Amino acid sequence: MTKKQRYEFVLDWFEHHMPEAETELLYDNAFQLLVAVILSAQCTDKRVNMTTPFIFARYPDAPALAKATFDELFPIIKSISYPNNKTKHLIGMAQMLMERFGGEVPHTVEELVQLPGVGRKTANVITSVIDAQPNMAVDTHVFRVSARIGLTTNAKTVLQAEQQLIKSIPKEKIHITHHWLILHGRYTCVARKPKCEICGLTQACKYYKTMND
DNA sequence: ATCCCGAGGG
DNA sequence: CCCTCTGGAT
């Protein structure tokens with residue numbers, strides 16, 4: 001089975017079996033999305049959505065957030081994972097937005113990753129969501145699921161996985177495929193004991209094959 | 001008890 | 001490359 005055939009099989013199954021997403025990050029603009037994604041590491045969207053309204057009310061844009069102090073922002077996000085790091089990252093991010101990017105969220109991955117708290121995964125989310133750029137944000141779910149079902153081959157790093165996925169998935173399907181891979185990884189193809197009994201991809205799955213030969 | 005939709009630093 | 005940062009959900 002070629003990667004193209006494998007992808008087409010996977011896509012078809014996803015289209016017919018994947019439920020609509022329940023929770024998603026709430027935002028009104030690029031700045032808000034950037035804040036929300038930075039906060040989302042190791043944390044549910046639901047919990048992020050509970051805190052962002054308070055952040056956006058007090059710090060609606062980069063100029064406001066750049067002037068925030070650690071002590072006033074920390075309490076707002078203290079119930080999110082890594083509050084110390086995230087508080088510093090958010091303020092530092094806003095300050096760099098002011099210093100280098102005119103207070104606006106930049107539109108390229110190369111610029112975005114310069115911002116504190118913004119790595120490749122976050123930058124790919126921003127560019128793909130805001131500008132519909134055909135970028136694949138590879139998080140732990142996308143990495144694991146792609147490897148198991150053979151959408152990637154021997155990818156050692158998330159960057160390698162990203163490049164392989166970009167190559168084998170049609171541009172216009174990257175965004176939705178990313179979403180499906182996340183959902184599949186979260187609910188079915190979980191890290192520990194994947195629920196292969198409810199998965200329709202087993203006939204194409206490398207992981208399933210190695211576990212059952 | 002154990003796991004989780006990252007990023008930065010050594 | 002490996003470690004740390006962290007609280008909340010289950």
Side-chain angles (χ1 to χ4, degrees), chain A residues 14 18-27 32-55 65 70-71 73-97 105-106 108-130 135-149 151-152 154-163 165-166 169 174-195:
Chain A
F14 278 159
M18 206 47 63
E20 284 303 307
E22 64 304 335
T23 338
E24 285 200 48
L25 293 175
L26 301 176
Y27 64 95
Q32 291 190 358
L33 177 64
L34 183 51
V35 170
V37 176
I38 288 174
L39 291 176
S40 71
Q42 298 294 97
C43 186
T44 61
D45 289 353
K46 191 178 167 188
R47 181 142 290 277
V48 172
N49 289 337
M50 287 168 58
T51 62
T52 46
F54 295 98
I55 300 178
L65 187 56
F70 182 93
D71 290 336
L73 180 57
F74 181 83
I76 302 177
I77 65 177
K78 70 173 185 307
S79 64
I80 295 190
S81 293
Y82 314 136
N84 254 294
N85 288 341
K86 288 174 179 175
T87 300
K88 292 176 196 162
H89 288 160
L90 286 183
I91 296 173
M93 176 275 284
Q95 290 177 343
M96 188 177 289
L97 244 32
V105 177
T108 68
V109 170
E110 293 69 33
E111 291 172 311
L112 282 161
V113 294
Q114 295 174 33
L115 299 166
V118 179
R120 193 166 181 87
K121 181 256 172 179
T122 299
N124 278 326
V125 170
I126 304 299
T127 53
S128 61
V129 173
I130 298 297
N135 295 339
M136 175 66 79
V138 179
D139 58 29
T140 174
H141 288 321
V142 173
F143 188 82
R144 180 184 65 255
V145 174
S146 297
R148 283 179 176 169
I149 62 182
L151 255 38
T152 57
N154 298 324
K156 297 278 191 288
T157 66
V158 291
L159 184 58
Q160 288 175 16
E162 180 186 323
Q163 292 166 340
L165 289 168
I166 291 297
I169 300 174
I174 287 177
H175 201 157
I176 188 63
T177 302
H178 170 257
H179 199 63
W180 282 330
L181 288 171
I182 300 253
L183 292 177
H184 191 56
R186 189 187 304 169
Y187 300 117
T188 304
C189 196
V190 295
R192 281 301 176 114
K193 287 171 127 186
K195 301 167 183 169

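As the structure is a prediction and not an experimental result, all values here were calculated from the model. The chains referred to below are lettered A, B, ... by the order of the sequence lines, with proteins before strands, and numbering in each begins at 1. Keep in mind that the numbers below use all heavy atoms, side chains included, and drop hydrogens, waters and symmetry copies.
- Per the geometry, CG belonging to A:Leu159 stands 17 Å off P belonging to B:dG6, to the nearest Å.
- When the side-chain nitrogen and oxygen atoms of A:Ser81 are compared with OP1 and OP2 of B:dC4, none of them lie within a distance under 4.0 Å.
- Shown here for A:Ala137 and A:Val142, the closest heavy-atom pair between the two residues is O-CG2, 3.8 Å.
- Regarding A:Gln114, its CD atom lies at a distance of 16 Å from the C1' atom of B:dA7, rounded to whole Å.
- Between the A:Lys86 side chain and the A:Ser81 main chain, a donor and an acceptor come within less than 3.5 Å of each other.
- Closest approach to the A:Pro83 side chain among C:dG7, C:dA9, C:dC5 is made by C:dG7 (side chain taken as heavy atoms from C-beta onward).
- Nucleotide B:dA7 holds its P atom 15 Å from the CE atom of A:Met96, rounded to whole Å.
- Atom CZ of A:Arg144 is separated from atom P of B:dG6 by 11 Å (rounded to the nearest Å).
- Put simply, CG on A:Leu183 is 16 Å from P on B:dC4, counting in whole angstrom units.
- What separates CG of A:Leu112 from C1' of B:dA7 is a distance of 14 Å, to the nearest Å.
- Rounding to the nearest 0.5 Å places CG of A:Asp139 at 11.0 Å from CG of A:Asn124.
- Looking at heavy-atom distances under 4.0 Å, A:Thr122 makes contact with sugar-phosphate atoms alone, never a base.
- Per the geometry, CG belonging to A:Leu39 stands 15 Å off C1' belonging to C:dC5, to the nearest Å.
- Between the side-chain ring of A:Tyr82 and the base of B:dA7, no stacking contact exists by the 5.5 Å and 30° definition.
- Look at A:Arg47 and you'll find a side-chain N or O under 4.0 angstrom from OP1 or OP2 of C:dA9.
- Note on A:Lys86: nothing from the nucleic acid sits closer than 4.0 angstrom, heavy atoms only.
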In residues 32-46 of chain A, what donor-acceptor pairs under 3.5 Å come from side-chain atoms, sequence neighbours left out?
from, atom 1, to, atom 2, distance (Å)
A:Gln32, OE1, A:Asp28, N, 2.8
A:Ser40, OG, A:Val37, O, 2.7
A:Thr44, OG1, A:Arg47, N, 3.2

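- Note on A:Ala191: only backbone sugar-phosphate atoms sit closer than 4.0 angstrom, heavy atoms only; bases stay farther off.
- Atom NE2 in A:His89 sits about 17 Å away from atom P in C:dT4, given to the nearest Å.
- Residues A:Pro116 and A:Val190 each lie close to DNA chain B; by heavy-atom proximity, the contact nearer the 5' end of the strand is made by A:Val190.
- Checking side-chain atoms of A:Asn49 against main-chain N and O of A:Glu24 turns up a donor-acceptor pair under 3.5 Å.
- Heavy atoms of A:Val118 sit under 4.0 angstrom from primed sugar atoms or phosphate atoms, though from no base atom.
- Residue A:Leu115 is classed as a sugar-phosphate contact, given heavy-atom separations below 4.0 Å to backbone atoms only.
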